[in-house]
Protein chains: 2
Amino acid sequence: MDEQGYTLQARMVKALAHPTRLRILALLRDGERCACEFGPLLGLGQPNVSQHLGVLRKAHVVNTRRDGVRIMYRLSDERIIEVLDTLGRIARDQFVEAAAALGAVA
Amino acid sequence: MDEQGYTLQARMVKALAHPTRLRILALLRDGERCACEFGPLLGLGQPNVSQHLGVLRKAHVVNTRRDGVRIMYRLSDERIIEVLDTLGRIARDQFVEAAAALGAVA
DNA sequence: TCGCTATATTCGCTAATCCTGATAGATTGT
DNA sequence: ACAATCTATCAGGATTAGCGAATATAGCGA
């Protein structure tokens, strides 16, 4: 892959690199949702949610569709679920590993 | 997953979210490498490389081993390759898609 | 010990990210 | 047209990331 390819890839990864955005994506795992749902579900304010959705949109991680007043969000690519699942497992395993290492010390 | 889980996951994802670090990880795909290799291979200065390696280290994306004066780096988890491959394919496909859309306009 | 190489860290700066509060745009129903 | 709702964007200030230059640290060999 060339240097520009890594820049493109990094742009997408950066869009995933925030707990709120990961939580939004987890909510989109089972299908599309109205933008209005995320705020109440995550306990966040409307502008904050909208900005995070904007980050995901600009990075083409999600697509949107208008339904009257509402904007429906969905994952742009099913493989994103796979990526998030694997990353989640890696993070969890390493957390367990780190905890075990701490336990061994004590 | 709980909120803290997403924070942990985000911390790991953030560590991947830089073109230089993606390039470093690509070089580690086939096995461990000396820290000294990355600078020349990537055309970057030593402090810069060391800082990026530090980010990957703190996020436990890579592990290290000392071999005399040299520090050998390797991926901490094979599944990271899988994640990067999938992300790379997604990014590439979307780039192609965007290019096609531009072409359709012209 | 001294010098040499390889790494890591610190510092100062610039740029980017994130959050909140206020404002603007778009769509529907009356 | 107007009001109500949903969504996006702007403005600000605080925090964090990134980089280069300089400085520290660690191991090796003479």
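Both backbone and side-chain heavy atoms feed into the values below; hydrogens, waters and symmetry mates do not. Naming convention: chains lettered A, B, ... in sequence-line order (proteins, then strands); numbering from 1 in each chain.
Heavy-atom distances to DNA chain D give each of B/His18 and A/Ile71 a nearest nucleotide, and the one nearer the 5′ end belongs to A/Ile71. Summary of the strand contacts: A/Asn48 and A/Val69 both lie near DNA chain D, and taking for each the nucleotide with the nearest heavy atom, the more 5' one is attributed to A/Val69.
A/Tyr73 has no side-chain polar atom (N or O) that falls below the 4.0 Å cut-off from OP1 or OP2 of D/dC6. Residue B/Arg57 places at least one side-chain N or O closer than 4.0 Å to OP1 or OP2 of C/dA8. Between A/His52 and C/dC19 there is a side-chain polar atom (N or O) within less than 4.0 angstrom of OP1 or OP2.
In this structure, B/Gln51 atom CD and D/dG20 atom P are separated by 9 Å, rounded to whole Å. Rounded to whole angstrom, the span from the CZ atom of B/Arg33 across to the C1' atom of C/dA6 amounts to 17 Å. Following rounding to the nearest Å, B/Leu56 (CG) and C/dA8 (C1') show an atom-to-atom distance of 15 Å. Rounded to an integer number of Å, the gap from B/Arg66 CZ to D/dT25 P is 14 Å. Spacing between atom CZ of A/Arg70 and atom C1' of D/dA4 amounts to 13 Å, rounded to whole angstrom units. If you take CD of A/Glu37 and P of D/dT5, they are 18 Å apart, rounded to a whole angstrom. Rounding to whole angstrom units, CG of residue A/Leu42 and P of C/dC19 are separated by 12 Å. With rounding to whole Å, B/Asp67 atom CG is found 10 Å from C/dT7 atom P.
Using a 4.0 Å cut-off between charged side-chain N and carboxylate O, B/Asp85 and A/Arg79 make no salt bridge. Salt-bridge formation is not detected for the pair A/Asp77/B/Arg89: no Lys NZ or Arg NE/NH1/NH2 atom is positioned less than 4.0 Å from an Asp or Glu carboxylate oxygen.
Among the protein residues, B/Gly45 comes within range of no part of the nucleic acid, since none of its heavy atoms lies under 4.0 Å from any strand. In this structure, A/Phe38 reaches neither bases nor backbone, as no heavy-atom distance under 4.0 Å exists between it and the strands shown.
A/Glu32 pairs by the side-chain contact (heavy atoms from CB on, under 4.5 Å) definition with A/Arg65, A/Met72, A/Arg74, not counting sequence neighbours.
Among pairs with a residue in residues 2-21 of chain A, those fulfilling side-chain hydrogen bond (donor to acceptor under 3.5 Å, both in side chains) read A/Arg21-A/His52, at least two apart in sequence or across chains.
Checked against A/Ile24 for a side-chain contact (heavy atoms from CB on, under 4.5 Å), the options A/Val62, A/Leu53, A/Leu44 give a single hit: A/Leu53.
Looking at A/Gln46, its side chain comes within 3.5 Å of the base of D/dA8 through a donor and an acceptor atom.
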